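FYI, side chains are in, hydrogens and waters are out, and symmetry mates aren't considered; it's all heavy atoms of this structure. Computed from a predicted model, the values in this text were never measured in an experiment. By convention here, the first residue in the shown sequence is residue 1.
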Amino acid sequence: MTTTTVHHASAAHFNFHALFRPVLTALRFTGHFVVALVGVIFLGSASEH
């Protein structure tokens, strides 16, 4: 019984980790996209002035 409980806990932690990693990757790509977008907007407004 104890072994099953510990195994279940580690499985839940693994599932959380597997779920959290793509979210972290998506946030990283979103951050790069936002930085690039802000850079393009900044350069565009700077060239207008």
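- Of all non-hydrogen atoms in V23 and L19, the two that sit nearest each other are CG2-O, 3.5 Å.
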Using distance only, find each side-chain donor-acceptor pair of residues 26-37 under 3.5 Å and give its atom names and separation, not counting sequence neighbours.
| unit_1 | atom_1 | unit_2 | atom_2 | d |
| --- | --- | --- | --- | --- |
| T30 | OG1 | A26 | O | 2.6 |

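- When all heavy atoms of S47 and G44 are compared, the pair lying nearest together is OG-O, 2.8 Å.
- Applying the ring-ring contact (aromatic ring centres under 6.0 Å, His included) rule to F20 yields the partners F16; only residues at least two apart in sequence or on another chain are considered.
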